[in-house]
Trainee: 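Take this structure first; my questions come after.
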2 protein chains.
Amino acid sequence: MNLTVAEENYIKSIYKLQDGDQVVSTNAIAYDLATKPASVTDMAKKLKEKKLIDYEKYQGISLTTEGRKLALQIVRRHRLWECFLVDKLSFSWDEVHEIAEELEHVRSEKLISRLSAFLGNPTTDPHGDPIPDAQGRISKSQPLISLDKATARRLEVAGVSDQSSALLEFLNAKGIRLGTQLDLIERYEFDNSVEVKIRNQPAFTLSEQVSKNIMVKSL
Amino acid sequence: MNLTVAEENYIKSIYKLQDGDQVVSTNAIAYDLATKPASVTDMAKKLKEKKLIDYEKYQGISLTTEGRKLALQIVRRHRLWECFLVDKLSFSWDEVHEIAEELEHVRSEKLISRLSAFLGNPTTDPHGDPIPDAQGRISKSQPLISLDKATARRLEVAGVSDQSSALLEFLNAKGIRLGTQLDLIERYEFDNSVEVKIRNQPAFTLSEQVSKNIMVKSL
DNA sequence: AATATAATTTAGGCAAATCTAAATAAATTA
DNA sequence: TAATTTATTTAGATTTGCCTAAATTATATT
Ligand SMILES: [Mn+2]
Ligand SMILES: [Mn+2]
Ligand SMILES: [Mn+2]
Ligand SMILES: [Mn+2]
């Protein structure tokens, strides 16, 4: 199956938005890809033709088994390149998405398997997201909870659910990155803000907006 | 100046074929890019519009100063990626061109400067070709001669002028790579073949076809 | 110089990926 | 339920990059 760059971007977007096996709306895809709903309808017809999505008009879109398989390969490439940029080229986690968005379209089995080996076959990317293996399998880790719902006192940052540069830069500034250990000091009911502390640093407060997007595991 | 992938490939091809400042023919570009002369004419009009080439119909094509500047950046990206593939991902020199042909189109100043630093700011690629610096300057090395014209006895392989997989694989098989030191044993006038020897190995003969494409410097 | 051949350009078309505006269907609200 | 709002699709265009076939220009050969 040979996909164009545009087709790959659609497949990946649908995969991301599906999150399980719900059906995805035309509008949601258009918003995610910064394009127009009419364009999504056009592409939906093509992808259905290629048997990569299930689609009946007005009924939403979902990936076929074949489509999901391809999506996982694209996601794998994207996340491996993000690792490369951070681990080898010292980019920070808020700078890599855009570049990986292009690198992910260079298709070469050998390139990707070698890149993966070169990086030590990582299983998560710089944002804590899992990297599918060459067969598209995702090793399931312990389920994460968002910081705004956490109850345990000792926590470790294991991911971010919003990957906008805005959030990532904010977290950079606060000294929060993947693997950072946090003590949960207090939760304020009034605005659902939460006070946390990093070892050897003064405590500080995070808004619900922020804490909702920080995924943690308890230690 | 924002170029499409197709435009970048044309600019790079013109740069390669120009080799100095000759004018390049429609046919030559079509052949190099495996496309049709009519398509080249179409693109020539667009690139002229963008002031990247000088072009008057029937008079051939040449890069403007601006066009050459862009070409050098593309060449830089291409060759740096080739270095990455060989030095870091252990590809052999006959496998990297195709992949670099795609990677070269990922445009990010920062990516390329970091990649270059990561590789130790190399000045030649795995085929012995020079890598322009960020300003497009090419450090001129001592001029190379092809093996079929060499006279000195002790030689070092410093490049290949034909980069087809066929030649590169052949050289691999013979144990000839960049930096290989050769003793020139004999040149046979009859067919212009040449007998060479690698240290600690039996001597062997190379056809003119082959020796023409091996660039050497004398030691 | 006339003719033949080769190189190049033009004309006309096609496919991919997008768009805007208008039409239609679905969902929500009164 | 009827009206309104929202979501989605269709119709019709545009841009980019490519193609084939035919016309034109340049070059080489007699
Ligand atoms: Mn992408
Ligand atoms: Mn990521
Ligand atoms: Mn290319
Ligand atoms: Mn090269």
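Order of the sequence lines fixes the chain letters, A, B, ..., with proteins taken first and strands second; residue numbering starts at 1 for each chain.
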Trainee: Dump the intermediate steps for side chain to side chain contact (heavy atoms under 4.5 Å, CB included) on L119(B) and K88(B), then the final yes or no.
Mentor: CA-CA 8 Å; L119(B) 299 169; K88(B) 303 296 182 180; 3.9 Å; yes
Trainee: Taking any heavy-atom pair under 4.0 Å as a contact, classify Y55(A): base, sugar-phosphate, or nothing.
Mentor: sugar-phosphate
Trainee: Please determine, by modelled atom types, if H97(B) and H78(B) share a side-chain donor-acceptor pair under 3.5 angstrom.
Mentor: yes
Trainee: Using atom CG of L47(B) as one end and atom P of dT16(D) as the other, report the distance to the nearest whole Å.
Mentor: 12 Å
Trainee: Taking atom C1' of dA7(C) as reference, at what distance in whole Å does atom CG of D32(B) sit?
Mentor: 17 Å
Trainee: How many whole angstroms separate atom CD of Q59(A) from atom P of dA25(C)?
Mentor: 13 Å
Trainee: Would D32(B) and K16(B) pass as an ion pair if we require N to O under 4.0 Å?
Mentor: yes
Trainee: Less than 4.0 Å between a side-chain N and a carboxylate O, is that true for E8(B) and R77(B)?
Mentor: yes
Trainee: With a 4.0 Å cut-off on N to O distance, would you call K50(B) and E66(B) a salt bridge?
Mentor: no
Trainee: Report yes if at least one side-chain N or O of N27(B) is closer than 4.0 Å to OP1 or OP2 of dA6(C); otherwise report no.
Mentor: no
Trainee: To the nearest Å, how far apart are E8(B) CD and dG17(D) P?
Mentor: 11 Å
Trainee: In terms of side-chain heavy atoms, does D94(A) have a donor or acceptor partner in S165(A) at a distance below 3.5 Å?
Mentor: no
Trainee: Return yes if a side-chain donor-acceptor contact under 3.5 Å exists between W93(A) and N172(A), otherwise no.
Mentor: yes
Trainee: Verify the contact: side-chain N or O of K45(A) to OP1 or OP2 of dT9(D), cut-off strictly under 4.0 Å; return yes or no.
Mentor: no
Trainee: Scan nucleotides 15-22 of chain C nucleotide by nucleotide, 5' to 3', and note B when protein non-hydrogen atoms come under 4.0 Å of the base, S if they reach only the sugar-phosphate, - if neither.
Mentor: -SBBBB--
Trainee: Can you tell me the distance, in whole Å, between the NZ atom of K57(A) and the C1' atom of dA23(C)?
Mentor: 11 Å
Trainee: Please report, rounded to the nearest Å, how far the P atom of dT9(C) is from the CD atom of E56(B).
Mentor: 11 Å
Trainee: Which base, if any, makes a Watson-Crick or G-U wobble pair with dA30(C), both distances under 3.5 Å?
Mentor: dT1(D)
Trainee: May I ask you to say what T26(B) touches in the nucleic acid, namely base, sugar-phosphate or nothing, with a heavy-atom cut-off under 4.0 Å?
Mentor: sugar-phosphate
Trainee: Tell me: CD1 of I29(B) to P of dG17(D), nearest whole Å?
Mentor: 15 Å
